[in-house]
Amino acid sequence: MTAPKEKNGKYPEQELPESDIVSEPAAVYGSIYPLNLDETKRYTYADYLTWLDDKSRELINGFIRLMAPAASTRHARISSELVFKLTAFIKKRKGECLVFNAPFDVRLPNNKRETADDKIYTVVQPDICLICDLSKLDKNGCLGAPDLVIEVQSPGTTRYDATEKYDVYEKAGVPEYWLVYPIEETIVVYILQKNGKYDRGTVYEYEGKVPVKALEGLVIDLEELFGEFNNKPY
């Protein structure tokens, strides 16, 4: 099934919130390590490493994006279940891929030669990422594109994940990008094409089964994934 187009032709039709948590001013903190960061300034990963306060941030092309507050119960359960399914499959097949969930830094250089901390302008913390090229891992996280990135949607992050992060992951060459919509019980999967662009996206709805391209043979059953929330307050 092909994802229905929105105005820009890339994203499924949905009601997007007027406000977005990532658009909040970046200079208002009030932590044990007060920082005077300029939301209009472009920063690098080297700068990012010096921010020792209690705020979670990402850098998109050098500009600060505040992370959303703690996830809802439903968001957390879905994320945990997906991590479990991916990890269990890898262990069963004795694979060498590793699964990580946030907070976990993924550094996305503009090109393979500019990997110094002061040359990297994009650092993200995906809800879930799968890494099969273990040479990309170091003590600080992942340097380079994961094989699969999954972002579980919250009301305040939908626009951010479907636009800014979509563009970042596409440019970085992430082969497979999932947007998981807990309330709609839907997953939209984007696959990177040979031209370096994502396809229009495929929508999988409740009772559907989502193949994991990065892990051949693994299929996520959406009725199983979302079924526990039937008649539940969370």
Side-chain angles (χ1 to χ4, degrees), residues 21-22 26 42-52 55-68 70-71 75-76 78-80 82-87 90 95-154 156-180 187-192 196-198 212-215:
I21 187 69
V22 299
R42 197 165 181 237
Y43 294 95
T44 69
Y45 179 62
D47 299 314
Y48 176 95
L49 289 175
T50 68
W51 301 337
L52 303 178
K55 300 293 183 182
S56 295
R57 306 176 184 83
E58 294 179 314
L59 282 181
I60 303 296
N61 297 319
F63 295 100
I64 296 171
R65 298 292 184 266
L66 286 178
M67 300 289 287
H75 181 293
I78 289 171
S79 183
S80 296
L82 285 170
V83 169
F84 171 77
K85 289 180 181 297
L86 294 170
T87 302
I90 293 167
E96 295 185 354
C97 300
L98 294 175
V99 182
F100 296 89
N101 60 321
F104 177 77
D105 284 346
V106 174
R107 289 160 282 154
L108 300 173
N110 287 332
N111 63 63
K112 294 180 180 179
R113 290 175 295 182
E114 295 185 344
T115 60
D117 292 348
D118 63 351
K119 299 296 183 181
I120 295 174
Y121 291 90
T122 296
V123 186
V124 291
Q125 294 186 358
D127 286 320
I128 302 168
C129 62
L130 171 75
I131 299 163
C132 295
D133 180 356
L134 302 189
S135 69
K136 294 180 178 180
L137 296 174
D138 59 26
K139 66 179 182 179
N140 290 328
C142 177
L143 176 60
D147 294 83
L148 166 67
V149 167
I150 300 175
E151 297 285 8
V152 182
Q153 302 305 290
S154 299
T157 64
T158 297
R159 189 181 301 276
Y160 177 49
D161 290 340
T163 55
E164 284 194 76
K165 277 194 160 181
Y166 174 104
D167 291 337
V168 163
Y169 293 142
E170 182 181 70
K171 182 179 179 181
V174 175
E176 188 173 359
Y177 180 35
W178 291 21
L179 292 173
V180 180
I187 293 179
V188 183
V189 176
Y190 297 100
I191 302 297
L192 199 68
K197 300 293 184 180
Y198 283 130
V212 183
K213 185 175 181 180
L215 296 173

Is there side-chain contact between V180 and L82, with heavy atoms separated by less than 4.5 Å? yes

Evaluate the ring planes of Y190 and Y198, with Trp represented by its six-membered ring, and classify them as parallel (under 30°), tilted (30 to 60°) or perpendicular (over 60°). tilted

Could you check whether any side-chain N or O of S79 sits under 3.5 Å from a backbone N or O of A76, counting only pairs where one atom can act as donor and the other as acceptor? no

Give a yes or no on this: more than 12 heavy atoms of other residues, nucleotides or ligands lie within 6.0 Å of atom NZ of K136. yes

Are P146 and V174 side-chain neighbours, meaning at least one heavy-atom pair lies under 4.5 Å? yes

Side chains of C97 and D147: does their closest heavy-atom pair fall under 4.5 Å? no

Compare all side-chain heavy atoms of N110 with those of K171 and state whether any distance is below 4.5 angstrom. yes

With heavy-atom distances below 4.5 Å as the criterion, would you say the side chains of L130 and I90 are in contact? yes

Any donor-acceptor pair under 3.5 Å linking the side-chain atoms of Y45 with those of D105? no

Just one of W178, Y177, Y169 clears the side-chain hydrogen bond (donor to acceptor under 3.5 Å, both in side chains) bar with E151, so which one? Y169

I60 vs V124 side-chain heavy atoms within contact, under 4.5 Å: yes

Compare all side-chain heavy atoms of F104 with those of C129 and state whether any distance is below 4.5 angstrom. yes

I want to check something: taking the side chain as every heavy atom from C-beta on, are Y43 and R57 in contact at a cut-off of under 4.5 Å? no

Measure across E176 and I191 and return the closest heavy-atom pair with its distance rounded to 0.1 Å. CG-CD1, 3.6 Å

Applying the side-chain contact (heavy atoms from CB on, under 4.5 Å) criterion to L179, which one of D161, T158, I150, V149 satisfies it? D161

Sole candidate of I120, T122, T115 that passes side-chain contact (heavy atoms from CB on, under 4.5 Å) when paired with R107: I120

Taking every non-hydrogen atom, the tightest pair across A172 and A145: O-CB, 3.5 Å

